[in-house]
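The structure under discussion appears below in the form of C-alpha cells.
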Amino acid sequence: MIEVKIDGQRVAVAAGTTILAAARRLGLEIPTLCHHEALEPFGACRLCLVALDEGGRQSIVAACNYPLERSGLSVETGTPAVWQARKMSLKLLLARCPGVKVLQDLARQWRVDTADLLLTGDGEEECILCGLCVRVCREVIGKNAISFVYRGAERKVSTPFDAETDLCLGCAACAYLCPTGAIKVREEAGRLLIDRWHSDLEQALCSECGRPVVPAELLVQMREKAAEEGVPGEELLCLRCRRMRAAAAATALPVPQYGPADSFPARRSSREEPDVNQARKGK
Amino acid sequence: MRKQVDPIIDRYRGDRTAIVAILHEINAAFRYLPREALERVSEQLSIPLSHLYSAATFYRSFDLEPCGEHEIQVCLGTACHVRGSELILDALSRRLGIKPGETTADSKYTLKRVNCLGACALGPLVSIDRDYHGHLTAHQAERLLEAYEDEDA
Amino acid sequence: MKTLKSAEELEVRREQIAGAGHREGASVAVCCGTGCSASGAREVVAAFEEQLLQRELEVPVLTRITGCHGFCEQGPLVVVEPGNIFYCRVEPEDVPEIIERTVLGAEAVERLLYVDPVSGEPVQQEAEVPFYRGQKRLTLGWNGQISPHRIEDYVGVGGYRALAGALGSLSPEQVIANIKESGLRGRGGGGFPAGRKWELCRRATGEPKYLICNADEGDPGCFQDRSLLEGNPHLVIEGAIIAAYAVGAAKGFIYVRNEYPLAVEHAGIALVQAREWGLLGEDILGSGFDFELQLTRGGGAFVCGEETALISSIEGLSGEPNPRPRPPYPVEKGLWGKPTLINNVKTLAAVPLITERGGAWYGQIGTAASKGTMIFSLTGKVNNTGLVEVPMGMTLQQLIYEIGGGIPGGKEFKAVQTGGPAGGCLPASKLDLPLDYEKLTEAGSIMGSGGMIVMDERTCMVDVARYFLSFTVDESCGKCTPCREGGRQMMAYLDEITAGRGKPEYLERLRELAAAMQAGSLCALGRLAPNPVLTTLRYFEDEYRVHIEERRCPAGVCKELITYSIDEEACTACRRCNRHCPTGAISGPKKEVPRLDPELCIRCGICRDVCRFDAIVVQ
C-alpha cells in the first residue's frame, strides 16, 4: 500500500491504483466521458485532468489512467489550471459536436461556450471519439467488429472498409455505453439495424408472442456459450412475456443488470446479457 | 489473389509484430491493399479485419485505391517547404488534373505528398518511382513530368 | 565466412583486413548516400568502373562506394587517391579527366574542386573545406571512409572492437557507469541521460528485456539518422549490442522509417553480416551473451517516434499505434509489458566510441550539462547545407556562418528553426545562443532531433508556423481531444491570418489553444506541437500584426496577400513568361512588355522561374 494526498486528504491505496479510482474512494467527483469501470483506461477525452505534484515537479495528467506508484504524491483536482484545461477540452468537444446533450449540459454547468472558436460543427456529428464502443467490442464482447480508422482530424470509428461486417452480432453494447447517443439501434420489420455499422440483422422471435427479441446470430452464440458452461438452454421470451410468466408464477422479477429499462427492453434480461467477466475470460 | 497473398502470409506466420510488414508487402505486390487480400490475412492469421483496416488507414505508406504506374512523391519537408515545394505540388497537381492523393483517370500517375524524404539538402525534391529529382522549380517539375509522359507515349 | 568466437579472432581478422585493404597508390571513393545518389552518383560509379576496367591497368584501381559525407548539396562527392583529393558535383562526363589526371597523373582537376566562397580559393582536401573544418565528426566521420555494404570495412577501421572489449572485460554495470560518466543524453529529442535510462532498464524486473533502436526519423528537415544507418549501419548495430549487453536485453528491433529505402536496405544487409560473423545471435564472440536484432519498417506515421506509440506500433495489437501516458515508463513496462530500452540512432552511434575511449574522454567535449557532439541537419536558406557534427555548446552564429557559410544571395538572416515540428524559431538576437539542451529550452525551442532550418528575409514566419502546425495536425493520431481538435482550431486561425482575414484577437485565441494543448495533450506530439506557433508569436509578433492589420505578407510568401507584376525596366519582352503561364494571365502583343492580369494570376511562380532577367516582381 502507498499513501498519497488528494485535495489535501490522505488516502492509502494499492500501488498502481489510478488517481481516478483513489479520488472516487474519497468521494471526490472528477468528470469523465471516455472512462468505464469495465474497460481499460483510455485517456482520450481529457476531461478528468488533474494537477499532480511529484515532490515539486508539477504537471497536468489524466486521472483515469495515471497510476499512483509511490507514496508522497500529491494531487489537486480543482486548481484554476486544471479547470482551464478541462474547460478547453469540453469547449473543443462541444465545437465538434454542438448537438450532443451531455456536452451541452456540462457546458452550461461549467459556463463554457464556443462562440470564439472558428470551427464549429453543424450538429450532424455526434461522436466524440471516446472509444467506449471500440473498447467494449474488443475487450468485453471480443468481436472487434469496429475500430478507429484514419487518423488526426479524420479519425472516426467504423467497420472494416466502412461496410457491413459479419462480426457485428447486434449485441448493442456499443450503443449502450455511448455517452452521446451517436450509435442508434432501431428495429424495423423484425430486423435489428445499427446504421452506423451498416448492420442489418435478422431477429429471433419470442416463442410466446412472436415479437422480435434478439438478433438470431447473437442468440446462437449465447446458447453455444451457455451450453459450454453447462447452463441448460431456455425458451426465448421477450421481456414482457417473461414478466407475465414470472408474475404468474409469483416469483421476483428479473432485476435489470444496469441502466434504465426503457431503452432496449427486448435484451435486458439478466440471462441474455453477455456476462462481462465470462466474455473476458473466454477471450 | 491467393497465389500472391498466401506466400506473404506464410512468411509472417507466428510473428506477432507483422501487421505493418504484411501490409507493406501486399501494398507493394498490388500497388494498393485489396479488400480480399486483407480478408485473407485476417482469416489465415486470426488478426481481426478491423485491426488491419485500422493500420491500413492510419499509416501513410498504404493505399486503399489502386495506384498509378508511376508514383510521384512531392517532398513537403521543412527544407523543401522554405524553398517553395508547395508551388511544385500545385504545378504537378494542375498539370495532372488531380489532387494530391489521387490517381489520374488513365491510371498512369499517382500524386502524393510526403512529409520528408530525408534528402533535405536537395530541396525542393520530387521522387518519381523512387528516383529523386532535387533542386526543382515549379517549371522544372512540369518539364520532368513531360519527360515521363514522352517516354510513356 | 567463419564465425568469430572471441575478441582475439576479431583482432586477427581486423589485422588481415587492414593488411589486405591497404592499397598502394590509387583508389576512387564515390559517396552513394541518398543525396548523392539523387544527384547521379550511381552513374558516376558506373562510369569509373567501366572506364577503369577498359584501361586494363597493371595495378587495378578500386572504385569504392561510401556512405553519406553529409555535404549533400555539393554531391556527387568523389575522393580520389593519390592525394586524397575531394571533388564536388562530379558528373559521368568528368570521369575520363579524373582518371587521366588524378588517378594516373596525381594532379587535381581544378574545376571540380570546392571553391571556398569566402576566399574564392579552390580547396583540395575534404577536411579543409570550411564546411568540415569546424566540425568534430566523431560519429559521422567514418561514413565517408567505408562502404556501408562491407562489414570488412567497418571492422578494418576498428569496428566492433568496443563491443569485444565490453563483452570481454566489462560487467554490464561498468558499461553503464561509463555511459553515465560520459554524460551522454538522448539524441532523439528528450535529452534524458542515457546512462540513467540504461540503469533503470537494467534494474527493472521482467524477462525478457527488449531494446529498440528508434530510427523512425520523422522530423521533416532531419536526415542524420538516415545518414548514419545508411552510411555506417554497423556503428549503430554495435552500439545497440553494447546497450543490450548493458541492460540485459535478449532481443532488439531497429524501427526504420519506410521512407528511407536505402537505410532499410543497408541496415538489413548489415544485420545479416553481423549474424554471419558471430556478432549477433548466440554466444556473441564467445562471451556467452545472446542477442538477436531485427529490422522493422515503419508505416509512415510521425507519432511512432514517440516511445509508447512506437511500442504499440511494433506490437501491432489494434492496428493503429496507440500512445499511452507514462508511467509506467517503457524501461519498466514496454514492449509486451517487459522492460524496454529505446534509444535513438544517434545515441547508439555514440556508444561504441564512449565504450572504447572512456566516458571521461567523451565528457570533456561539450558544455557542463550537454556533453559530447551533436549532429545537426543544417538546411534551408544557408550556403552549405548538409549534416554537421559539432561539439555541444557551439553558438548558432558559428554553426550558421562559419560552417554553413552564411545566407545565400546576400540576403539577411531572419530566423533559425531548431528541433523540428516540436521545436521553435529563434531570431537574430539569439544567434549567440550556445547549442545545449537547457539553453535551447530556455529560449522556447528544443534540441530535439537536431533539425536546423535557416530562414532569411524571404521566409514568412506566420507561414512557417502554419507549416509546422499543419504537419503536426496531419500527423496527430487523433486520440486525445486537445491535440486533435485544438490543432485543427489553431490551423483555422492561422489560415485566416495568412489569407488576410485575421483579427487582432486571434493572437490571444492562438495562445489559449496552445496552452491547452501543452497542458492537456496525452503525448509529447500534442504537448510540443504549439511550440513553432508560440515562438514565432514570441519573437515575430510584429509580422503577425502586419498580416492582420495591413493585410500584407512582408516576406512575399502568403499567396493571398501577394501580387505578381512585371518590371518594365528589366523586361526584354522575350515572352518566355507569356508562353509558360498556365492560366493565360500574361498576355500582350509581340515585342512589347506583356501585361499580367492579377485576376487570372494564380501566383504559381512559374513566370518567375522561367524569367532570365529577374523581371517578375512579387509584392
Side-chain angles (χ1 to χ4, degrees), chain B residues 15-24 27 47-48 50-62 73 75-84 86-88 90-91 94-95 113-123 125 127 130-142, chain C residues 34-35 37-39 71-73 75 217-223 226-227 253 257-261 263 296-302 313-321 336 377 379-381 385-386 417 420-421 451 453 455 459 464 467-468 471 474-475 477 580 582 602 604-606 609-610:
Chain B
D15 184 348
R16 291 185 291 175
T17 71
I19 286 190
V20 172
I22 293 171
L23 296 186
H24 272 308
N27 207 84
I47 300 171
S50 60
H51 293 178
L52 294 173
Y53 188 62
S54 206
T57 54
F58 190 96
Y59 293 105
R60 283 288 186 271
S61 298
F62 307 127
Q73 293 186 310
C75 179
L76 297 178
T78 320
C80 290
H81 175 80
V82 300
R83 290 180 178 182
E86 301 282 345
L87 296 178
I88 290 171
D90 289 350
R94 199 167 53 236
R95 184 90 200 191
R113 29 187 309 166
V114 53
N115 275 336
C116 187
L117 289 167
C120 310
L122 305 180
L125 185 77
S127 104
R130 303 241 155 171
D131 283 336
Y132 291 14
H133 306 273
H135 296 302
L136 292 178
T137 63
H139 175 59
Q140 286 165 342
E142 289 191 334
Chain C
T34 296
S37 294
S39 306
F71 202 16
C72 313
E73 175 99 38
E217 182 170 56
D219 282 13
C222 272
F223 56 107
R226 168 183 76 62
S227 175
F253 298 87
R257 245 187 126 211
N258 187 51
E259 289 85 343
Y260 290 170
T296 300
R297 276 193 288 167
F302 177 67
S313 173
I314 294 181
E315 291 174 346
L317 279 184
S318 65
E320 52 157 13
W336 296 297
S377 297
T379 59
K381 309 282 189 71
T385 61
Q417 210 279 353
I453 289 126
M455 299 162 189
T459 315
V464 165
Y467 164 79
F468 278 113
F471 174 85
D474 188 43
E475 294 289 351
C477 76
H580 286 107
I602 55 167
C604 69
I606 288 179
D609 289 346
V610 299

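Lettering of chains follows the sequences in order, A, B, ..., and the numbering in each one begins at 1. Because the structure is a prediction, the values reported are computed rather than measured.
Counting heavy atoms from C-beta outward, Arg94(B) and Ile602(C) have side chains that approach closer than 4.5 Å. For the pair Cys116(B)/Arg257(C), a side-chain contact is recorded, criterion being any heavy-atom separation below 4.5 Å from C-beta on. In this structure the side chain of Phe471(C) reaches within 4.5 angstrom of the side chain of Asn115(B), judged on heavy atoms. For the pair Arg60(B) and Asp474(C), the minimum side-chain heavy-atom distance is below 4.5 Å. Between Tyr132(B) and Ser37(C), the closest side-chain pair of non-hydrogen atoms is not below 4.5 Å. Residues Arg130(B) and Pro261(C) form a side-chain contact, since some pair of their non-hydrogen atoms from C-beta on lies under 4.5 Å apart. Looking at heavy atoms from C-beta onward, Asn258(C) lies in side-chain contact with His24(B) at the 4.5 angstrom threshold.
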Residues Ser313(C), Tyr59(B); criterion side chain to side chain donor-acceptor pair (under 3.5 Å); working and verdict: CA-CA 10 Å; Ser313(C) 173; Tyr59(B) 293 105; 2.9 Å; yes
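Looking at Phe468(C), the atoms closer than 4.5 Å to chain B (heavy atoms on both sides) all sit in the side chain, from C-beta outward. Proximity to chain C involves both the backbone and the side chain of Val82(B), based on heavy atoms less than 4.5 angstrom apart. For Thr459(C), the part lying near chain B is the side chain, with the backbone staying farther off; criterion is any non-hydrogen pair under 4.5 Å. For Gln417(C), no part sits under 4.5 Å from any heavy atom of chain B, backbone or side chain. Proximity to chain B is absent for every atom of Pro421(C), based on heavy atoms less than 4.5 angstrom apart. Heavy atoms closer than 4.5 Å to chain C are found in the side chain of Glu142(B), but not in its backbone. Residue contact with chain B, scored on non-hydrogen atoms closer than 4.5 Å, involves the backbone and the side chain of Cys604(C) alike. When heavy atoms are compared at a cutoff of 4.5 Å, His135(B) approaches chain C solely by way of its side chain, counted from C-beta outward. The contact between Arg226(C) and chain B is made entirely by side chain atoms (from C-beta outward), counting heavy-atom distances below 4.5 Å.
With hydrogens and angles disregarded, a donor-acceptor distance shorter than 3.5 Å links the side chain of Ser61(B) to the backbone of Gly299(C). Looking only at distances, a side-chain donor or acceptor of Thr78(B) sits under 3.5 Å from a matching main-chain atom of Pro220(C). Judged by distance alone, the side chain of Arg83(B) and the main-chain N or O of Gly380(C) form a donor-acceptor pair under 3.5 Å.
Interface remark: of the candidates Glu73(C), Glu259(C), Glu217(C), Glu73(C) forms the most heavy-atom pairs closer than 4.5 Å to chain B. Of the residues considered (Leu23(B), Leu76(B), Thr57(B), Leu52(B)), Leu76(B) shows the highest number of contacts with chain C, using heavy-atom pairs under 4.5 Å. Counting heavy-atom pairs closer than 4.5 Å to chain C, the top residue among Gly123(B), Cys80(B), Ala79(B), Ser50(B) is Ala79(B). Chosen from Asp609(C), Thr385(C), Ile453(C), the residue pairing most often with chain B at heavy-atom distances under 4.5 Å is Asp609(C).
Atom OG of Ser39(C) and atom CG of Leu122(B) lie 4.5 Å apart (nearest 0.5 Å).
The aromatic rings of Tyr467(C) and His81(B) sit parallel, their planes meeting at an angle under 30°, below the 60° perpendicular limit.
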